[in-house]
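Right, one structure below, let's go through it.
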Amino acid sequence: MYNYWNSRTRGLSPYVPGEQPGDKKYIKLNTNENPYPPSPKVIEAIRNAAGERLRLYPDPTCQELREAIAQTYRVKPEQVFTGNGSDEVLAFVFAGFFGPDPAYPLLFPDITYSFYPVYGNLWNIPFRAVPVTEDFSINPKDYQTSSGGIIFPNPNAPTGKALPFQAIQEILICQEKQGRIVVIDEAYAAFGGESAVPHIMEHPNLLTIHTLSKSASLAGLRVGFAIGNEALIEGLCRIRDSFNSYTLDRLALAGAVAAVLDVSYYREINRKVIVTRERVTKALTQDLDFDVLPSEANFIFIRSSRQRGAELFAALREQGILVRHFNKPRTADFLRVSIGTDEEMDIFLNVLGKGAMKLTLKS
Ligand SMILES: *Cc1c(COP(=O)(O)O)cnc(C)c1O
C-alpha cells in the first residue's frame with residue numbers, strides 16, 4: 001500500500017540501470033562492463049576467503065585493501081576510502097560535502113552520469129546542470145564561478161570526452177578560494193585519460209572516485225574507492241559509520257586486494273579495449289557514416305547520419321545486441337556503445353553494415 005511511503009520516498013526519482021537481461025543471450029554493450037575476465041589471482045583470492053572465517057565480521061577499516069590501493073596509486077592509506085561500489089562512495093560524497101544552501105548550488109554537466117541528480121534529490125542538495133558545449137565538451141570556465149561544489153567524471157560519461165589535468169586545476173584553484181570541493185569521478189581513467197590522483201597533495205579540495213567495476217572487470221564484486229586528502233577521507237568515514245560500518249564483505253575485500261595489486265594483468269586487457277575502441281571508431285566513421293565523439297573511455301557515443309537513436313537501439317536489440325539509449329533532448333540521436341571483445345564488435349559492425357545497406361537500397 002503506497003500510503004505507507006513517507007514524503008521522501010514519494011518524492012524520489014530513482015536511477016534506472018542498464019538492463020541485465022535473463023531471457024536470451026545478448027551481446028551486452030550497454031553497461032560498460034569489461035569484456036575480459038578478472039585476473040585469475042582475484043578468483044583465487046576469493047576462493048581462499050570463502051571459508052570458516054566468514055563467521056566473523058570483516059575489517060570495518062578495510063586496512064589491507066586501503067594499503068594495497070595506497071601502494072598501487074602511490075598515496076597514503078589515510079588518503080583512501082573504500083566502499084560498496086563507487087555508487088555508494090558517491091552517495092556518501094553527496095551526503096557529506098554538498099548542500100544545503102540554495103544560493104550555492106552543486107554544479108555538474110547537463111550530459112553526465114545520470115546518478116548525480118538522483119543523489120542530489122535524495123539528499124535535498126540544490127544543484128544546477130551546466131550545459132556542455134556544442135561539441136559535448138566540458139568547458140572549465142563554466143566551473144570557475146561561485147558554487148556549492150563541483151562533480152563530473154573525467155573522462156565524462158556518456159560522451160567519453162576527457163579533460164587534461166591542467167583544465168581541472170583551474171577549477172580546483174578557483175573553488176578552493178571559496179572553500180568548495182571538486183570531485184572527479186575517474187571510473188574510466190584507465191582507458192586513456194589523465195588521472196588527477198598525483199595532485200591530491202597540492203589540492204586539499206580534490207577528491208577522486210574510482211571503481212573496480214569497469215577497468216578491473218569486477219562489476220559483480222561491488223568495490224569502489226575515493227582518494228583525496230585525509231580530512232575528506234575522515235568525512236566519508238563519519239558518513240559510513242553513521243550508516244553501515246561493514247559495507248565491504250570478506251570476499252569483496254579479498255578479491256579487491258588481489259585486483260588492485262595485479263597492475264600488469266589489467267594494463268594488458270585495458271590496452272586491448274583501447275585498441276578495439278580505435279578500430280571500431282575508424283570503421284564507424286569511415287565505412288558506416290557515423291559520428292563518433294573522440295573517446296578516452298571503454299565506450300563510444302555514436303550518432304548515425306541515417307537513423308534516429310531510438311530506431312537504431314530497437315533494431316540492434318532485435319539483432320541480439322544491447323546498447324544504451326538516453327532519451328533526452330540533447331542525446332536522443334546518440335547511442336552509447338560499450339567496447340566488447342573484437343569478436344563482439346565485429347558482429348556489431350556487421351549488423352550495422354547490413355542495416356545501412358538496406359536503408360541505402362530503399363532510398
Ligand atoms: C559505472 C560508473 C560508476 C559506478 O560504478 P560502481 O562502482 O559499479 O558503482 C560511477 N561513476 C561513473 C561515471 C560510472 O560510469
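Since the model is a prediction, treat every value here as computed from it, not as a measurement. Start at 1 and go down the list; that is how both ligands and their atoms are numbered.
- Looking only at atom types and distance, the side chain of Asn270 has a donor-acceptor partner in the side chain of Asn34 under 3.5 Å away.
- Of the residues Ile27, Thr276, Val273, Leu29, the one that meets the side-chain contact (heavy atoms from CB on, under 4.5 Å) test with Pro35 is Val273.
- Looking only at atom types and distance, the side chain of Lys214 has a donor-acceptor partner in the side chain of Tyr188 under 3.5 Å away.
- Residue contacts with ligand 1 for Glu88 are absent, since no atom lies close enough (heavy atoms, distance under 4.0 Å).
- Heavy atoms of Tyr188 found under 4.0 angstrom from ligand 1 belong exclusively to the side chain.
- Among the atoms of Asp87, some N or O lies under 3.5 angstrom from an N or O of ligand 1.
- Considering backbone and side-chain N/O of Tyr113, none are found under 3.5 Å from N/O of ligand 1.
- At a 4.0 Å heavy-atom cut-off, ligand 1 touches Ser86 through backbone and side chain alike.
- Of all protein heavy atoms, the one closest to atom 14 (C) of ligand 1 is Lys214 NZ, 3.0 Å.
- Salt bridge Lys272/Asp342: absent, no basic N to carboxylate O contact under 4.0 Å.
- Cation-pi check for Arg66 over Phe81 is not met; the charged atom does not lie both under 6.0 angstrom from the ring centroid and within 45 degrees of its normal.
- Side-chain N/O atoms of Thr285 and Lys282 include no donor and acceptor closer than 3.5 Å.
- Below 4.0 Å from some heavy atom of Ser213 lie the following atoms of ligand 1, by number and element: 6 (P), 7 (O), 8 (O).
- The ligand atoms of ligand 1 that sit less than 4.0 angstrom from a heavy atom of Gly85 are 7 (O), 9 (O).
- Using a 3.5 Å distance cut-off with no hydrogens or angles, the side chains of Tyr15 and Asp87 do not pair a donor with an acceptor.
- The nearest protein atom to atom 9 (O) of ligand 1, hydrogens excluded, is given as Arg222 NH2, 2.8 Å; this is a heavy-atom distance.
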